[in-house]
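Written out below as C-alpha coordinates is the structure these notes cover.
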Amino acid sequence: MRSPQTEEINQQLQIVRLGEQKFRVPEGYAIPQGYAFCHPQLGYLGFKDKPNLPYTPVGGKQALESIMAEGGFLNFDNCIWVKPM
(Lines give C-alpha, C1' and ligand atoms only; values in the text may rest on other atoms or scores of the structure.)
Protein backbone atom coordinates (compact mmCIF):
# COMPACT_ATOMS: atom_id res chain seq x y z
CA MET A 1 0.00 0.00 0.00
CA ARG A 2 1.35 3.40 -0.98
CA SER A 3 1.25 6.30 1.42
CA PRO A 4 -0.26 9.60 0.25
CA GLN A 5 3.26 11.10 0.18
CA THR A 6 4.54 8.22 -1.98
CA GLU A 7 1.61 8.62 -4.37
CA GLU A 8 2.30 12.36 -4.64
CA ILE A 9 5.97 11.77 -5.45
CA ASN A 10 5.06 9.08 -8.02
CA GLN A 11 2.70 11.50 -9.76
CA GLN A 12 5.45 14.11 -10.09
CA LEU A 13 8.12 11.77 -11.50
CA GLN A 14 9.10 12.46 -15.09
CA ILE A 15 11.04 10.21 -17.44
CA VAL A 16 13.96 12.20 -18.84
CA ARG A 17 16.85 11.42 -21.15
CA LEU A 18 20.31 11.85 -19.66
CA GLY A 19 23.27 12.98 -21.67
CA GLU A 20 24.97 16.18 -20.59
CA GLN A 21 24.38 16.00 -16.84
CA LYS A 22 27.47 15.36 -14.72
CA PHE A 23 27.19 13.63 -11.34
CA ARG A 24 29.90 13.69 -8.71
CA VAL A 25 31.46 10.31 -7.91
CA PRO A 26 34.55 9.49 -5.80
CA GLU A 27 36.77 9.36 -8.92
CA GLY A 28 35.58 12.78 -10.14
CA TYR A 29 32.38 12.80 -12.16
CA ALA A 30 30.26 10.52 -14.33
CA ILE A 31 28.00 11.31 -17.28
CA PRO A 32 25.40 8.52 -17.32
CA GLN A 33 23.50 7.75 -20.51
CA GLY A 34 19.95 6.55 -21.01
CA TYR A 35 16.72 7.44 -19.25
CA ALA A 36 16.01 8.19 -15.60
CA PHE A 37 13.27 9.39 -13.29
CA CYS A 38 13.44 13.04 -12.31
CA HIS A 39 11.38 14.87 -9.69
CA PRO A 40 11.06 18.66 -10.12
CA GLN A 41 12.17 19.46 -6.56
CA LEU A 42 13.98 16.35 -5.29
CA GLY A 43 16.18 15.62 -8.31
CA TYR A 44 16.99 12.30 -9.98
CA LEU A 45 15.93 9.05 -8.38
CA GLY A 46 18.76 6.72 -7.42
CA PHE A 47 19.32 3.78 -5.10
CA LYS A 48 21.50 3.54 -2.00
CA ASP A 49 23.68 0.80 -3.52
CA LYS A 50 24.89 3.23 -6.24
CA PRO A 51 25.13 6.57 -4.44
CA ASN A 52 25.51 9.77 -6.46
CA LEU A 53 24.10 8.26 -9.67
CA PRO A 54 20.55 8.22 -11.02
CA TYR A 55 18.81 4.91 -11.66
CA THR A 56 19.15 4.03 -15.36
CA PRO A 57 17.62 0.59 -15.93
CA VAL A 58 18.90 -1.81 -18.58
CA GLY A 59 15.43 -1.78 -20.14
CA GLY A 60 15.70 1.98 -20.68
CA LYS A 61 12.63 4.11 -21.20
CA GLN A 62 10.35 1.06 -21.54
CA ALA A 63 11.37 -0.20 -18.09
CA LEU A 64 10.61 3.18 -16.53
CA GLU A 65 7.27 3.39 -18.36
CA SER A 66 6.44 -0.08 -17.04
CA ILE A 67 7.10 1.05 -13.46
CA MET A 68 4.79 4.03 -13.96
CA ALA A 69 2.09 1.89 -15.60
CA GLU A 70 1.98 -0.19 -12.41
CA GLY A 71 1.42 2.93 -10.30
CA GLY A 72 5.03 3.80 -9.54
CA PHE A 73 7.02 2.85 -6.47
CA LEU A 74 5.48 1.33 -3.35
CA ASN A 75 7.85 3.36 -1.15
CA PHE A 76 11.12 5.22 -1.41
CA ASP A 77 12.86 3.59 1.57
CA ASN A 78 15.86 2.34 -0.46
CA CYS A 79 16.02 5.39 -2.71
CA ILE A 80 18.12 8.52 -2.70
CA TRP A 81 17.73 11.74 -4.65
CA VAL A 82 20.73 13.01 -6.57
CA LYS A 83 21.36 16.28 -8.34
CA PRO A 84 23.85 16.97 -11.11
CA MET A 85 26.95 19.07 -10.52
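None of the values given here were measured: they were computed from a predicted structure. Sequence positions, counted from 1, serve as the residue numbers for this chain.
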ILVMFWY cluster, Phe47 and Leu42 together (side-chain gap under 4.5 Å):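 Both belong to a single hydrophobic cluster.
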
Single-linkage hydrophobic cluster, 4.5 Å side-chain cutoff, Ile15 and Ile9 together: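 Cluster IDs for Ile15 and Ile9 match.
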
Atom [atom1] of [X] and atom [atom2] of [Y]: how far apart are they, to the nearest 0.5 Å?
X	Y	atom1	atom2	result
His39	Phe76	NE2	CZ	8.0 Å
Glu7	Leu74	CD	CG	10.5 Å
Leu53	Phe23	CG	CZ	7.5 Å

Can you list, pair by pair, the side-chain donor-acceptor contacts under 3.5 Å of residues 78-85, counting residues two or more places apart and other chains?
residue	atom	partner	partner atom	Å
Lys83	NZ	Gln41	O	3.0

Tyr29, OH: over 12 other non-hydrogen atoms inside 6.0 angstrom: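 No, OH of Tyr29 has 12 or fewer neighbouring heavy atoms, counting only those of other groups under 6.0 Å.
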
Other residues, nucleotides, ligands: >12 heavy atoms within 6.0 Å of Arg2 CZ: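 Buried by this count: over 12 neighbours within 6.0 Å.
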
Which atom of Pro32 lies closest to which atom of Leu18, heavy atoms considered: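 Where Pro32 meets Leu18 most closely, the heavy atoms are O-CB, 3.5 Å.
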
4.5 Å side-chain heavy-atom contact, Pro40 and Gln14: yes

Pair Tyr35-Val16, side chain to side chain contact (heavy atoms under 4.5 Å, CB included): steps then yes or no: CA-CA 6 Å; Tyr35 290 88; Val16 298; over 6 Å; no

Verdict with supporting geometry, Ile31 and Gln33, side chain to side chain contact (heavy atoms under 4.5 Å, CB included): CA-CA 7 Å; Ile31 304 174; Gln33 301 295 308; 3.7 Å; yes

Show me the donor-acceptor pairs, under 3.5 Å and distance only, between side chains in residues 55-73 and residues at least two apart or in other chains.
none

